[in-house]
Undergrad: 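The structure follows.
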Amino acid sequence: MTVLHGALVVLRPTVTEDVAALAAIRTTPEVRARWKGGDDLQTDIAANLDDPDCNCLTVEYQQRIIGMIQWYSEEEPDYRHAGIDLFLEPTVHGNGLGTDAVRTLACHLIDAYGYHRLVIDPAADNTAAIRCYEKVGFRPVGIMRQYERGPDDTWHDGLLMDLLATELTR
């Protein structure tokens, strides 16, 4: 995959040398609460890099690693679509960087790969993430009840959102 340039961020293929910085971001309480992971986050992230079904991109802002965005695809012709996941360093939240990262990847997935539909599934109580995705054009589809186990070991709802190519806010 090529390097993608947004209005604010750069998305580039994640390499082994990025793992330590990304693991440090994943250890922050705000990110850990949403992304969880085992005791060895470097191993978890490295495993994602080895997963052929997961496309990991490091998010850079002003030549500094601030997070990771990843995508996967469903290639069954009758259900073909792509899904996106994202985490960013909490110190950069609220500056439009997440919106720019999601928009940049969404444009690429639609324009370069021809996906007509994208999905994303934030926690139902993650209002900041939901607002971010709505700015790109994602719309709520519905609540996925007891979708994900939280750090408190109880089940939490997720919100399925999707975006049709014609609804992308460029």
Undergrad: Would you say Arg103's side chain and Lys135's backbone share a donor-acceptor pair under 3.5 angstrom?
TA: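 It does hold such a pair.
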Undergrad: Going from CD1 on Ile25 to OG1 on Thr58, what distance comes out if it is rounded to the nearest 0.5 angstrom?
TA: 8.5 Å
Undergrad: Less than 4.5 Å apart, side chain to side chain, heavy atoms only: is that true for Val59 and Leu97?
TA: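 Val59 does not reach Leu97 side chain to side chain.
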Undergrad: Rounded to the nearest 0.5 Å, what separates atom CG in Leu49 from atom CE in Met68?
TA: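 Reported to 0.5 Å precision, the distance equals 7.0 Å.
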Undergrad: Thinking salt bridges, do Glu134 and Arg139 make one under a 4.0 Å N-O criterion?
TA: no
Undergrad: Verify side-chain contact (heavy atoms from CB on, under 4.5 Å) between Arg32 and Leu41, making sure each step is shown before the conclusion.
TA: CA-CA 10 Å; Arg32 183 90 174 178; Leu41 291 175; 2.9 Å; yes
Undergrad: Is Asn126 reaching over with its side chain to a backbone N or O of Ala123, donor-acceptor style, under 3.5 angstrom?
TA: no
Undergrad: Please determine if Arg170 and Asp111 form a salt bridge, counting it only when a charged side-chain N lies under 4.0 Å from a carboxylate O.
TA: yes
Undergrad: Using the ring pair (Phe, Tyr, Trp, His ring centres under 6.0 Å) rule, take His156 and Tyr147 through it: C-alpha gap first, then chi angles, then the decisive distance, then the call.
TA: CA-CA 6 Å; His156 300 270; Tyr147 174 66; over 10 Å; no
Undergrad: Any side-chain heavy-atom pair from Arg12 and Glu60 closer than 4.5 angstrom?
TA: yes
Undergrad: Membership question, hydrophobic clusters at under 4.5 Å side-chain separation (ILVMFWY): are Val9 and Ile65 in the same one?
TA: no
Undergrad: In terms of hydrophobic clusters joined by side-chain contacts under 4.5 Å, are Leu164 and Ile130 together?
TA: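 Different clusters: Leu164 never reaches Ile130 through Ile, Leu, Val, Met, Phe, Trp or Tyr contacts under 4.5 Å.
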Undergrad: Between the main-chain N or O of Trp71 and the side-chain N or O of Asn55, is there a donor-acceptor pair closer than 3.5 Å?
TA: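 A pair under 3.5 Å: yes.
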Undergrad: Rounded to the nearest 0.5 Å, what separation is found between the CD atom of Gln42 and the OG1 atom of Thr16?
TA: 11.0 Å
Undergrad: Check the surroundings of atom CG in Asp39: do more than 12 heavy atoms from other residues, nucleotides or ligands lie under 6.0 Å from it?
TA: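 Not buried by this count: 12 neighbours or fewer within 6.0 Å.
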Undergrad: So for atom CZ, which belongs to Arg80, do other residues, nucleotides or ligands contribute more than 12 heavy atoms lying within a distance under 6.0 Å?
TA: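 Check passes, neighbour count above 12.
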Undergrad: Hydrophobic clusters here meaning ILVMFWY residues chained together by side-chain heavy-atom distances under 4.5 Å, can you tell me if Leu4 and Leu8 are in one?
TA: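 As far as the 4.5 Å side-chain criterion goes, Leu8 and Leu4 are connected within one cluster.
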Undergrad: Do Arg34 and Asp85 sit within salt-bridge range, that is, some charged N less than 4.0 Å from a carboxylate O?
TA: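 Salt bridge: no.
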Undergrad: Can you tell which of Val119, Leu118, Ile120, Asp121 makes a side-chain contact (heavy atoms from CB on, under 4.5 Å) with Asp162?
TA: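 Running side-chain contact (heavy atoms from CB on, under 4.5 Å) over Val119, Leu118, Ile120, Asp121 with Asp162 returns exactly one hit, Val119.
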Undergrad: How many angstroms lie between atom CD1 of Ile66 and atom CG of Leu88, to the nearest 0.5 angstrom?
TA: 5.0 Å
Undergrad: Output yes when a side-chain donor or acceptor of Glu74 lies under 3.5 Å from a complementary backbone atom of Glu76, and no otherwise.
TA: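 Checked: pair present.
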Undergrad: Is the distance from the ring center of His81 to that of Tyr115 below 6.0 Å?
TA: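 No; Tyr115 has its ring centre 6.0 Å or more from that of His81.
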Undergrad: CH2/Trp35 to OG1/Thr28 distance, rounded to the nearest 0.5 angstrom?
TA: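 Reported to 0.5 Å precision, the distance equals 12.0 Å.
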